[in-house]
Student: 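Quick one: this structure, given as structure tokens, is what I'll be asking you about.
Hydrogens, waters and symmetry mates are skipped; everything else that's a heavy atom, side chains included, is used.
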Amino acid sequence: MENNLLKKLLSIRGMGQVITVGIGLIIMCLVFGIINPLFFSPVNIANLLRQIAPILLIGIAQSFVLITGNIDLSIGSVVGMSCMVSATLMTRGVDPWVAAGITMVICLFTGVLNGFLVSGCKLPSFIATLGTMTIARGVAQIVNNNYNTNLIGDGPVANAFRDFFYYGKTFGIFNGIIIAVVLWFIFNFLLSKTRTGRHIYATGSNLEAARLSGVNTLHTVIKAYVVSAFCSGIVGLITCATTGMGTMDAGNSYELYAVAAAVIGGVSTLGGQGILLGTVVGACIWGALANGLQFAGAPVAIRNIVIGIIVVLSVFMDVIVRTRRTDKTKSKTTMKPTMVKAS
């Protein structure tokens, strides 16, 4: 009964955050549409959705890790490593699909390593993923001798790879968008309907209580980091398909965008709270903000400053709300014995 009540409360709080942020998204889009009507043109909306797709994926990646009470700073470097490794293999004659498979295995190993360092070796997630971030970026640089790769070619297999991950359409919708939506459904089901998802929330809410309740916190944290590495690896393949080559700076600053999408959508940086529907709204806000400011003529530096301010404010509000809830809980628990004694 208590667990069901807790789940309902979390769901109500999560949906309330999503609705509030969703209203903000609508108002922001209307403002950008008034400033420049081309913002709502079909071409721009299609481009906007294609820009949001990879941000949604890395937002899902960061959401899983944040809910466990940790953070993944290696997301951007894993994207870059995935892009460079896959492109390098392709330019050296490896079949694109085999290259994609090898790349994903390497990315998943990064996720396992992150999870083991954080939960097995008890390293702070900030430090552990900072190290793997540097290692992954180093792999991205060294794999082709510190050069971007040549084009992956335009043969039928290479074209099929590029169409599958970016340029192709299914039912009139770009495949890159469909990949993001399908993966969102899969990981949303994993997080909200399965035992693994419940363990992820329990681990982030109270690590020691989860462990004493029988949750294998080591495996749970590793699973969250593996999901993060998987999504980041897919974004790297999408980037490779988009540019048609491997670029060493692919994924730069993506860890910031991932945190922005997750936190703006209501995922708590303190762990244990957040839903992936909120991450969708957060990714849409990031995409609409970047696209709208571009239409308004704002330079890239201004866009980065605005996004950075929004992330800081979102985290600040999250800390305040969580602190107030904790204080209310403590005050209730300290009042109960007094009332019993008085009666």
Side-chain angles (χ1 to χ4, degrees), residues 41-61 75-110 136-137 139-187 227 229-252 254 257 283 287 290-291 294:
S41 66
V43 174
N44 186 54
I45 290 175
N47 287 332
L48 181 58
L49 292 176
R50 295 174 86 182
Q51 293 170 7
I52 289 173
I55 301 303
L56 173 60
L57 287 174
I58 58 174
I60 293 171
I75 286 176
S77 295
V78 173
V79 170
M81 181 178 70
S82 171
C83 179
M84 279 299 294
V85 170
S86 59
T88 301
L89 290 173
M90 290 181 217
T91 54
R92 295 183 183 180
V94 178
D95 182 276
W97 301 109
V98 176
I102 295 172
T103 301
M104 289 306 298
V105 170
I106 296 172
C107 292
L108 293 178
F109 174 75
T110 306
R137 186 59 68 185
V139 172
Q141 292 169 339
I142 202 171
V143 70
N144 198 44
N145 299 321
N146 289 314
Y147 288 105
N148 294 334
T149 71
N150 296 324
L151 295 174
I152 61 175
D154 55 357
V157 182
N159 287 337
F161 170 82
R162 299 185 68 184
D163 286 343
F164 179 83
F165 281 105
Y166 191 73
Y167 288 100
K169 289 184 177 180
T170 303
F171 303 116
I173 303 172
F174 284 105
N175 287 343
I177 300 172
I178 292 177
I179 289 172
V181 172
V182 169
L183 290 179
W184 179 85
F185 274 105
I186 293 172
F187 289 123
V227 170
F230 177 84
C231 291
S232 304
I234 293 293
V235 173
L237 296 179
I238 291 175
T239 305
C240 177
T242 306
T243 59
M245 59 185 293
T247 52
M248 289 188 295
D249 59 352
N252 271 347
Y254 270 29
Y257 303 153
N291 186 272
Q294 188 177 5

Student: Tell me, yes or no, whether the heavy-atom count around L151 atom CG, taken from other residues, nucleotides or ligands under 6.0 Å, exceeds 12.
Tutor: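 Check passes, neighbour count above 12.
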Student: Quick check: does any side chain N or O of N144 sit under 3.5 Å from a backbone N or O of N146, one acting as donor and the other as acceptor?
Tutor: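 Side chain of N144 to backbone of N146: no pair is present.
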Student: Sequence neighbours left out, what passes ring-ring contact (aromatic ring centres under 6.0 Å, His included) with F174? Give chain and number order.
Tutor: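 For F174 there are no ring-ring contact (aromatic ring centres under 6.0 Å, His included) partners, ignoring immediate neighbours.
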Student: Report the residues that fulfil ring-ring contact (aromatic ring centres under 6.0 Å, His included) with Y166, sequence neighbours left out, ordered by chain and then residue number.
Tutor: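 In terms of ring-ring contact (aromatic ring centres under 6.0 Å, His included), with neighbours along the sequence ignored, Y166 is linked to no residue.
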Student: Walk me through whether T103 and M81 qualify under side chain to side chain contact (heavy atoms under 4.5 Å, CB included).
Tutor: CA-CA 8 Å; T103 301; M81 181 178 70; over 6 Å; no
Student: How would you list, by chain and number, every residue that makes a side chain to side chain donor-acceptor pair (under 3.5 Å) with N44, sequence neighbours excluded?
Tutor: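 Scan of N44 (side chain to side chain donor-acceptor pair (under 3.5 Å), adjacent residues dropped) gives N291.
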Student: Please report the closest heavy-atom contact between G251 and V79, naming both atoms and the distance.
Tutor: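 For G251 and V79, the tightest heavy-atom pair comes out as CA-CG1, 3.9 Å.
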Student: Check G246 against C83 and note the closest heavy-atom contact, atom names and distance.
Tutor: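 For G246 and C83, the tightest heavy-atom pair comes out as CA-SG, 3.8 Å.
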Student: Taking the side chain as every heavy atom from C-beta outward, state whether F165 and T242 have any atom pair closer than 4.5 Å.
Tutor: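 Of all side-chain heavy-atom pairs linking T242 with F165, none is under 4.5 Å.
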Student: Say whether N148 and T247, considering side chains only, have a donor N or O and an acceptor N or O under 3.5 Å apart.
Tutor: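 Note: N148 and T247 side chains miss the donor-acceptor criterion.
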Student: How long is the span from the CG atom in L57 to the CH2 atom in W184, to the nearest 0.5 Å?
Tutor: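 The CG atom of L57 sits 12.5 Å away from the CH2 atom of W184.
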Student: With L49 as reference, evaluate L56, I177, I173 under the side chain to side chain contact (heavy atoms under 4.5 Å, CB included) test and give the passing residue.
Tutor: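 When side chain to side chain contact (heavy atoms under 4.5 Å, CB included) is applied between L49 and each of L56, I177, I173, only I177 qualifies.
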Student: Kindly give the heavy-atom pair with the smallest separation between S86 and A99, and that separation in Å.
Tutor: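 Closest approach of S86 to A99: O-CB, 3.9 Å.
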Student: So which heavy atom on Y147 is nearest to which on N145, and how close?
Tutor: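 Closest approach of Y147 to N145, heavy atoms only: CD1-O, 3.0 Å.
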Student: Distance from Q51 atom CD to L48 atom CG, nearest 0.5 Å?
Tutor: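 Q51 atom CD to L48 atom CG measures 6.0 Å (nearest 0.5 Å).
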Student: May I ask you to test the M248-M84 pair for a side-chain heavy-atom distance under 4.5 Å?
Tutor: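 In contact.
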Student: How about I179 and V182: do any of their side-chain heavy atoms sit closer than 4.5 Å?
Tutor: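 Answer no - side chains too far apart.
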Student: Any side-chain heavy atom of I152 within less than 4.5 Å of one from P96?
Tutor: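 Heavy-atom side-chain distance check fails, nothing below 4.5 Å.
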Student: To the nearest 0.5 Å, what is the distance between OG (S82) and CD1 (I106)?
Tutor: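 The distance works out to 9.0 Å.
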Student: Is the distance from the ring center of F164 to that of F161 below 6.0 Å?
Tutor: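 Ring centres of F161 and F164 not closer than 6.0 Å.
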Student: Hey, does M104 have a side-chain heavy atom less than 4.5 Å from the side chain of L237?
Tutor: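 Side-chain contact under 4.5 Å: yes.
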Student: Quick check for you: to the nearest 0.5 Å, what is the distance between F230 atom CZ and I186 atom CD1?
Tutor: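 Taking CZ in F230 and CD1 in I186, the distance rounds to 7.5 Å.
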Student: For residues R50 and I45, determine if any side-chain heavy atom of one lies less than 4.5 Å from a side-chain heavy atom of the other.
Tutor: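 No, side chains not in contact.
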Student: With rounding to the nearest 0.5 Å, note down the distance linking CZ in R92 to OG1 in T149.
Tutor: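 If we round to the nearest 0.5 Å, R92:CZ and T149:OG1 are 9.5 Å apart.
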Student: Quick one: does any side-chain atom of R137 pair with a main-chain N or O of V78 as donor and acceptor, under 3.5 Å?
Tutor: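 The answer is no, because no donor-acceptor pair under 3.5 Å joins these two groups.
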Student: With a 4.5 Å limit on heavy-atom distance, are the side chains of M245 and T91 in contact?
Tutor: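 Sidechains of T91 and M245: no contact.
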Student: Give the minimum heavy-atom separation between A229 and C107, together with the two atoms involved.
Tutor: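 Distance-wise, the nearest heavy atoms are CB-O, 3.1 Å.
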Student: Does any part of the side chain of K169, heavy atoms only, come nearer than 4.5 Å to the side chain of D163, both counted from C-beta?
Tutor: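 Heavy-atom side-chain distance check fails, nothing below 4.5 Å.
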Student: Please give me the minimum heavy-atom distance between S232 and I75, naming the atom from each residue.
Tutor: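 Scanning both residues completely, I find the closest heavy atoms to be OG-CG2, 3.5 Å.
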Student: Could you grab the distance from atom CD1 of I52 to atom CG of N47, nearest 0.5 Å is fine?
Tutor: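 One gets 11.0 Å once the value is rounded to the nearest 0.5 Å.
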